[in-house]
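Here, residue 1 is the first one in the sequence, and each next residue gets the next number.
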Amino acid sequence: MKIYLILTAIFILLLFNCSSLDKEFLDIEKQKLEVERERLKLERDRLNKCNNCCQPQAISLKAETRAVVPLEEKASFLYVEPTGCAKVKTPSADDIWQISENGEWSYPPNLLELGITCRDEKKEYFYKQFANTDSYVAEKQVPATKKSSCINNVVFYGKDKLYSQMIEKTKSEELTRDMAQRVDSKIVFKDLLDYNNSARGRSFYYECRATDPGKKWDKCACVLFASYMDGKEGLADRMVRY
């Protein structure tokens, strides 16, 4: 009986000491799963109505036990693989890390993980790499929470920089110098923020990796992503409509 009471007390202590950040991440993952299910349903409907790129097909359901983000608990996604569309090579995780050094547009995170990409799929997601800031004090974190704490730090301090770099890179690549000078970046930033906050899963992190020598998550880097309708062309079009 005494042993039972001791174990119960230990369990309660562990429960109350659990990082609130970890709980928040699990809640976010549950929300992302719901979003992915809705997206995949819409994708299936779109493919069924497609006349130019797809042929009528028997719907086959393929369950994938792969997560969009590298958490310990993997999520299962229900995906209808389009057999009638012309496929293109899906970028690997290493490819995304490479293009994210300077920031670049690519395909949705869930399709990157599944390795299924049709030629007509738009590159509506901007990927950029960030590292944790100096304000993160790794030695104060217990090993069980170092990973989530490090990732949270990157996401918290990197989001605004991510949106700003999306804007500046799109201006330099898609607009003339004269047009770029007339862009109100503050208004565009607000629109970009509103768009990504209006639906779950439009902005988060694709993958994070420990960068300290011992790989103990004292330091880490993450590829963050944010999206916009029709990608950089859509964002550029929005800029010149002011």
Side-chain angles (χ1 to χ4, degrees), residues 28 31-32 34-54 68-69 82 85-86 88 90-91 95-113 116-130 154-206 222-242:
I28 291 174
Q31 295 171 357
K32 282 172 61 86
E34 294 175 2
V35 172
E36 289 304 315
R37 286 174 175 169
E38 288 298 320
R39 174 182 170 80
L40 296 177
K41 182 179 182 297
L42 291 175
E43 180 69 12
R44 180 180 59 186
D45 293 340
R46 182 180 69 83
L47 292 173
N48 288 338
K49 295 178 181 178
C50 175
N51 295 321
N52 297 324
C53 65
C54 301
V68 175
V69 291
C85 287
V88 295
T90 303
D95 292 332
I96 297 300
W97 276 90
Q98 184 174 359
I99 68 171
S100 68
E101 290 182 5
N102 297 317
E104 191 56 76
W105 297 82
S106 191
Y107 302 108
N110 65 309
L111 297 187
L112 296 181
E113 287 296 321
I116 301 171
T117 308
C118 283
R119 183 170 295 165
D120 64 334
E121 185 71 42
K122 295 179 180 179
K123 295 183 178 181
E124 295 183 327
Y125 288 76
F126 184 83
Y127 295 84
K128 184 68 177 71
Q129 188 178 143
F130 296 94
V154 177
V155 174
F156 182 79
Y157 289 100
K159 273 294 180 68
D160 286 354
K161 296 178 182 178
L162 172 67
Y163 295 140
S164 295
Q165 292 189 23
M166 286 177 69
I167 295 170
E168 293 306 314
K169 190 171 180 66
T170 300
K171 282 167 57 177
S172 65
E173 293 181 351
E174 297 296 312
L175 304 182
T176 64
R177 185 174 182 179
D178 182 60
M179 293 170 65
Q181 289 177 345
R182 296 199 298 267
V183 173
D184 190 332
S185 296
K186 291 183 179 180
I187 295 179
V188 177
F189 186 97
K190 183 180 183 304
D191 285 353
L192 192 58
L193 185 65
D194 290 344
Y195 177 81
N196 281 277
N197 288 340
S198 63
R200 298 188 184 102
R202 286 181 174 175
S203 180
F204 200 49
Y205 71 91
Y206 170 67
C222 296
V223 175
L224 306 186
F225 67 82
S227 59
Y228 200 77
M229 187 180 300
D230 295 328
K232 64 178 179 180
E233 291 82 6
L235 184 57
D237 180 66
R238 184 66 176 130
M239 289 178 178
V240 299
R241 281 191 279 131
Y242 290 107

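Between Leu235 and Val188 there is a side-chain heavy-atom pair separated by less than 4.5 Å. Annotation: side chain of Tyr205 is not in contact with side chain of Val223 (no heavy-atom distance under 4.5 Å). In this structure the side chain of Phe126 reaches within 4.5 angstrom of the side chain of Lys169, judged on heavy atoms. Two residues are said to be in side-chain contact when any heavy atoms from C-beta on lie closer than 4.5 Å; Lys122 and Pro108 fail this criterion. At least one side-chain heavy atom of Arg177 sits less than 4.5 Å from a side-chain heavy atom of Gln181. Counting heavy atoms from C-beta on, the side chains of Thr90 and Ile116 never come closer than 4.5 Å. Residues Asp237 and Glu233 have side chains not in contact (no heavy-atom distance under 4.5 Å, counting atoms from C-beta outward).
Nearest approach of Met166 to Trp105, heavy atoms of both residues: CE-CH2, 3.5 Å. Residues Tyr228 and Arg238 come closest through the heavy atom pair OH-CG, 3.3 Å. Nearest heavy atoms, Gly201 versus Tyr125: O-CE2, 4.2 Å. Here the shortest heavy-atom pairing between Val155 and Leu224 reads CG2-CD2, 4.0 Å. The shortest heavy-atom contact between Ala226 and Leu162 is CB-CD2, 3.7 Å. Residues Glu121 and Tyr107 come closest through the heavy atom pair O-CE2, 3.5 Å.
Between Phe225 and Tyr127, the ring planes lie tilted relative to each other; the angle falls in the 30° to 60° range.
Proximity of a side-chain donor or acceptor of Gln129 to a complementary backbone N or O of Trp97 within less than 3.5 Å is detected. With hydrogens and angles disregarded, a donor-acceptor distance shorter than 3.5 Å links the side chain of Asn196 to the backbone of Ser227. A distance-only check finds a donor-acceptor pair linking the side chain of Lys128 to the backbone of Glu101 [under 3.5 Å]. Ser100 places no side-chain N or O within donor-acceptor distance of the main-chain N or O of Gly103, the cut-off being under 3.5 Å.
Under the side chain to side chain donor-acceptor pair (under 3.5 Å) criterion, Asp178 pairs with Arg182, not counting sequence neighbours. For Arg119, the side chain to side chain contact (heavy atoms under 4.5 Å, CB included) test picks out Ala86, Val88, with sequence neighbours left out. For Lys171, the side chain to side chain contact (heavy atoms under 4.5 Å, CB included) partners are Ile167, Glu168, Leu175, Ala180, Val183, Ser185, Met239, not counting sequence neighbours. Among residues two or more places apart in sequence or in another chain, the salt bridge (Lys or Arg N to Asp or Glu O under 4.0 Å) test is passed with Lys232 by Glu173, Glu174. Every residue two or more places apart in sequence or in another chain that forms a side chain to side chain contact (heavy atoms under 4.5 Å, CB included) with Ser198 is listed here: Arg202.
Residue pairs satisfying the ring pair (Phe, Tyr, Trp, His ring centres under 6.0 Å) criterion with at least one member in residues 171-194, sequence neighbours excluded, are listed as follows: Tyr163-Phe189.
Heavy-atom contacts from other residues, nucleotides or ligands closer than 6.0 Å to CE of Met229 number 12 or fewer. Around the CG atom of Asn197, the shell of radius 6.0 Å holds more than 12 heavy atoms that belong to other residues, nucleotides or ligands.
Ring to ring, Tyr157 and Phe130 are not that close: their centroids are 6.0 angstrom or more apart.
Here CG of Asp95 is found 9.5 Å from CG of Leu112. Values are rounded to the nearest 0.5 Å.
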